[in-house]
Peer 1: 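This structure is in structure tokens; I'll ask about it shortly.
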Amino acid sequence: LEYSIRAVLDFYRNDPAKAFGPKKLQEVRLLMARQGRTRQGINKATGYIRQMFKWAVAEELVKPDQLVALTALAPLRYGAVNAAESPAREALAKDLVDATLPFL
């Protein structure tokens, strides 16, 4: 969450929140990709940014239209930007699972 907030503040610290829209959110995503974040991490961070604006709408700090505009930006799809993919998770060895089960 902190990384997401910092990414927005790096570019738009002096801009009013009402000036932050989908184009600026796109720029923040590209910054994250240039910083080496994975596509999945960028999508998660983008979700946190939207959650911040959802909170701001609930507190009547920004207009609901702004949140709607930010949700119009689709998540990054595989190969859409030059961002790394998260490494695939490997299966655990069956004997390790079997040895752990009695303790669960």
Peer 1: Tell me, please, which residues at least two apart from K54 pass side chain to side chain donor-acceptor pair (under 3.5 Å).
Peer 2: none

Peer 1: If the plane angle is over 60° it's perpendicular, under 30° parallel, otherwise tilted; pick one for F53 and F20.
Peer 2: parallel

Peer 1: Looking at side-chain heavy atoms only, is the closest gap between L73 and R29 below 4.5 Å?
Peer 2: yes

Peer 1: For a side chain to side chain contact (heavy atoms under 4.5 Å, CB included) with V57, tell me which candidate from D65, V62, V68 qualifies.
Peer 2: V62

Peer 1: Could you give the distance from CG (D10) to CD (E27), rounded to the nearest 0.5 Å?
Peer 2: 13.0 Å

Peer 1: May I ask you to test the D15-K24 pair for a side-chain heavy-atom distance under 4.5 Å?
Peer 2: yes

Peer 1: Can you measure from OG1 (T46) to CD (Q51) and round to the nearest 0.5 angstrom?
Peer 2: 11.5 Å

Peer 1: Tell me if a side-chain donor or acceptor on R50 pairs with a main-chain N or O of L67 at a distance below 3.5 Å.
Peer 2: no

Peer 1: Going only through I, L, V, M, F, W and Y residues with side-chain contacts under 4.5 Å, is there a path from L1 to L9?
Peer 2: yes

Peer 1: Is the gap between the ring centers of Y48 and Y3 under 6.0 Å?
Peer 2: no

Peer 1: For the CG atom of L25 and the CZ atom of F11, what is their distance to the nearest 0.5 Å?
Peer 2: 12.0 Å

Peer 1: Would a 4.5 Å heavy-atom cut-off, applied to side chains only, mark L101 and D98 as touching?
Peer 2: yes

Peer 1: Considering only heavy atoms from C-beta outward, does the side chain of K18 approach that of Q66 to under 4.5 Å?
Peer 2: yes

Peer 1: Donor-acceptor pair, N43 side chain versus P75 backbone, under 3.5 Å?
Peer 2: no

Peer 1: Drop me the distance from K44's NZ to S4's OG, to the nearest 0.5 angstrom.
Peer 2: 9.5 Å

Peer 1: Minimum heavy-atom separation for A69 and P22, please, with both atom names.
Peer 2: O-CG, 3.1 Å

Peer 1: I need the I49 CD1 to L70 CG distance, nearest 0.5 Å.
Peer 2: 9.0 Å

Peer 1: If we check side chain to side chain contact (heavy atoms under 4.5 Å, CB included) with I42, which of these qualifies: V28, L30, L76?
Peer 2: L76

Peer 1: Can you get from M52 to W55 by hopping between Ile, Leu, Val, Met, Phe, Trp and Tyr side chains that sit under 4.5 Å apart?
Peer 2: no

Peer 1: Do L104 and L92 share a hydrophobic cluster (ILVMFWY, side-chain heavy atoms under 4.5 Å, transitive)?
Peer 2: yes

Peer 1: If you measure from the Lys or Arg side-chain nitrogens to the Asp or Glu carboxylate oxygens, is any gap between R6 and E2 under 4.0 Å?
Peer 2: yes

